[in-house]
J.: 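Next up is a structure, given as structure tokens.
Predicted model, so just to flag it, every value in this text is computed and none were measured. Quick note: numbers below take in every heavy atom, side chains included, and nothing from hydrogens, waters or symmetry partners.
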Amino acid sequence: MKILRTTGGGVYLQQYKEPALSRQVVSFINPSAPVSKLSLPPVEELEDLEPEQIIQYAREAAIVDERDGRPLWKKLNAGRRRKMEIVLGDAMDDEPYISSQLGPLLHFSEQAAQGLRAAVRAVGAQQMAFVVYKNLTDLSTRIPKSLDSIPVERLGGKYPVEIRANKADKDSKETLILGVCSLIHLARAIHQGEMQSTCFVTVAGNCVANPQNLEVSLGMTAHQVLERCGLSRDPTRVIIGGSMTGIAVIDTDKTLVSPVTRGVLAFLEDEKERRYRCIRCGRCINACPQGLNPMLINKAIKLRREKILEEMGLDRCIGCGTCSYVCPAKEEIAADIQRYQAQKAAKSQEEEVLSVETGTP
């Protein structure tokens, strides 16, 4: 089978996935949340469904792919139109601490396999596999070569492997990559008649007393999730999402869990180690997988040199966070870039709305 290959710069990261990964995935369900059933009846045999019916199950169940936030039914529909030959279940989890795809794959392997087979039938593909990250050197959990007779392929390379795979997925004419958690929800929709009402989240960090993967009701707060696993000490930073690409939040009581919340991470950081000035060591340049110069880009952002930023290729930034990770001065390069891009996008949207309202080109 031809599996997507990723090449380029980046860094090898220590993963810190244990002990969360080796522990059982625990359900943390809101008892007051309404249980929604599909109008479509549960089906025992997948062969009883036509491809269009499988897509309809995904649509009515309101399943969202945790990789990109897109509705699963739209991705299946697009894959069918494009006549994809291969469907891959993504459980790469190449960011440190995060195992909210790999954990469910190992603990709900039967449902993941059912969902992947359903996706293959919906798309009309000929081949399938699960994909995990190869460079997981600190795991005590054994990853099998196959699950329910479906091969488990290992994708190697430096971080950010999953982001590169996302880009390759968009450009591919034969391979469709789907988040393994969305496949589990697809199996539940078809065989149990359930809508998606939960998501899988890694709760970890040096402040979390019992790191583990949880299946959490949608709409729960980050505070409730952290409370479920317990805090050994008060964190100075809580990150929603991946440890490299996530965002720091201040009010965990107002931060809700969504289908794309891959992690809730709590850290205690030594403020004395933070916010030194750039020492121009060049590590961010060597590590950038896109070949950019994050050091100069960040300086241009602070000086508001928009023309220079275009020339430096800021639009090629993929938001992996590698520059901040390797920075010995602990400068928030990635966060500054992300903030600038968000402000630029908001400004562009405002100008577009204004031009429509005034009728100016």
J.: Taking the side chain from S243 and the backbone from P96, do they hold a donor-acceptor pair closer than 3.5 Å?
T.: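 Flag set: sc S243 to bb P96 pair under 3.5 Å.
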J.: Could you check E95, E162, E66 and say which one makes a salt bridge (Lys or Arg N to Asp or Glu O under 4.0 Å) with R262?
T.: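 Of the listed residues E95, E162, E66, the salt bridge (Lys or Arg N to Asp or Glu O under 4.0 Å) partner of R262 is E162.
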J.: Determine the minimum heavy-atom distance between V152 and S146, stating which atoms define it.
T.: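 For V152 and S146, the tightest heavy-atom pair comes out as CG2-CA, 3.9 Å.
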J.: Can a donor-acceptor pair be found, under 3.5 Å and without considering hydrogens, that links the side chain of H185 to the backbone of C199?
T.: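 Here the side-chain-to-backbone pair does not exist.
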J.: Check the hydrophobic clustering (I, L, V, M, F, W, Y; side-chain heavy atoms under 4.5 Å; chains of links allowed) and say if I184 and V26 are grouped together.
T.: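 No; V26 is not reachable from I184 via cluster members.
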J.: Starting from V180, can I reach V25 by hopping between I/L/V/M/F/W/Y residues whose side chains sit under 4.5 Å apart?
T.: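 No; tracing contacts between hydrophobic side chains, which count when under 4.5 Å, never links both residues.
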J.: Using only atom types and a distance under 3.5 Å, with no angle test, would you say the side chain of S182 pairs donor to acceptor with the backbone of G179?
T.: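 Indeed, once roles are kept as given, a pair shorter than 3.5 Å links the two residues.
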J.: With no hydrogens and no angle check, is any side-chain donor or acceptor of T221 less than 3.5 Å from a backbone partner on Q224?
T.: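 Answer holds: yes.
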J.: For the residue pair Y57 and H191, is the inter-centroid distance of their aromatic rings smaller than 6.0 Å?
T.: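 No.
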J.: Give me the ring orientation class for Y16 and Y97: parallel if the planes are under 30° apart, tilted from 30 to 60°, perpendicular past 60°.
T.: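 Y16 and Y97: parallel rings.
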J.: Compare every heavy atom of T202 with every heavy atom of L265, then report the nearest pair and how far apart it is.
T.: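 Scanning both residues completely, I find the closest heavy atoms to be CD2-O, 4.2 Å.
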J.: For the hydrophobic clusters of this structure (ILVMFWY residues joined by side-chain heavy atoms under 4.5 Å, transitively), does one cluster hold both L147 and L186?
T.: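 Same cluster: L147 reaches L186 through Ile, Leu, Val, Met, Phe, Trp or Tyr contacts under 4.5 Å.
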J.: Any sub-3.5 Å donor-acceptor pair from N213's side-chain atoms to G103's backbone N or O?
T.: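 Judged by distance alone, no pair lies under 3.5 Å.
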J.: Can you tell me if D90 uses its side chain to pair, donor with acceptor, with the backbone of M92 under 3.5 Å?
T.: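 Answer holds: yes.
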J.: So does A112 get a backbone contact from the side chain of E110, meaning a donor-acceptor N/O pair under 3.5 Å?
T.: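 Checking the backbone N and O of A112 against the side chain of E110, no donor-acceptor pair under 3.5 Å is found.
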J.: Going through the distances and angles, do Y340 and E306 end up as a side-chain contact (heavy atoms from CB on, under 4.5 Å)?
T.: CA-CA 10 Å; Y340 172 81; E306 295 189 7; 3.3 Å; yes
J.: Is it true that S258 and T261 share a donor-acceptor pair across their side chains at a distance under 3.5 Å?
T.: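 Present: a donor and an acceptor within the cut-off.
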J.: Does K17 pair with D93 as a salt bridge, N-O distance under 4.0 Å?
T.: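 Between D93 and K17 there is no salt bridge, as every charged N stays at least 4.0 Å from the carboxylate O atoms.
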J.: Say whether, by atom type as modelled, one donor and one acceptor occur between the side chain of S27 and the main chain of E215 under 3.5 angstrom.
T.: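 Between the backbone of E215 and the side chain of S27 there is no qualifying donor-acceptor contact (under 3.5 Å).
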J.: Rounded to the nearest 0.5 Å, what's the gap from CG on L231 to SG on C207? Could you check?
T.: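 Here the interatomic distance stands at 6.5 Å.
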J.: Quick check: does any side chain N or O of R70 sit under 3.5 Å from a backbone N or O of D65, one acting as donor and the other as acceptor?
T.: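 No: the side chain of R70 does not pair with the backbone of D65.
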J.: Could you go step by step and tell me if Y325 and Y159 meet the ring pair (Phe, Tyr, Trp, His ring centres under 6.0 Å) rule?
T.: CA-CA 11 Å; Y325 179 84; Y159 173 85; 7.9 Å; no
J.: Give a yes or no answer on whether the side chain of R233 reaches the backbone of N206 with a donor-acceptor pair at less than 3.5 Å.
T.: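 Confirmed, R233 side chain pairs with N206 backbone.
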J.: Determine whether more than 12 heavy atoms belonging to other residues, nucleotides or ligands lie under 6.0 Å from atom CG of L303.
T.: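 Yes, because the 6.0 Å sphere around CG of L303 holds more than 12 heavy atoms from other groups.
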J.: Report yes if the side chains of M220 and N30 come closer than 4.5 Å at any heavy-atom pair, otherwise no.
T.: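 Of all side-chain heavy-atom pairs linking N30 with M220, at least one is under 4.5 Å.
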J.: Hydrophobic clusters here meaning ILVMFWY residues chained together by side-chain heavy-atom distances under 4.5 Å, can you tell me if I177 and V120 are in one?
T.: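 Looking at the clustering, V120 is in the same group as I177.
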J.: Under 4.5 Å between side-chain heavy atoms, hopping through other hydrophobics if needed: is there a path connecting L106 to V201?
T.: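 No, L106 does not connect to V201 through the hydrophobic network.
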J.: Ignoring hydrogens, what is the shortest heavy-atom contact between Q192 and Q111? Give both atom names and the distance.
T.: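 It is NE2-NE2, 3.3 Å.
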J.: With side chains defined as the heavy atoms from C-beta onward, is the minimum distance between E311 and R305 less than 4.5 Å?
T.: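 No. Closest side-chain heavy atoms not under 4.5 Å.
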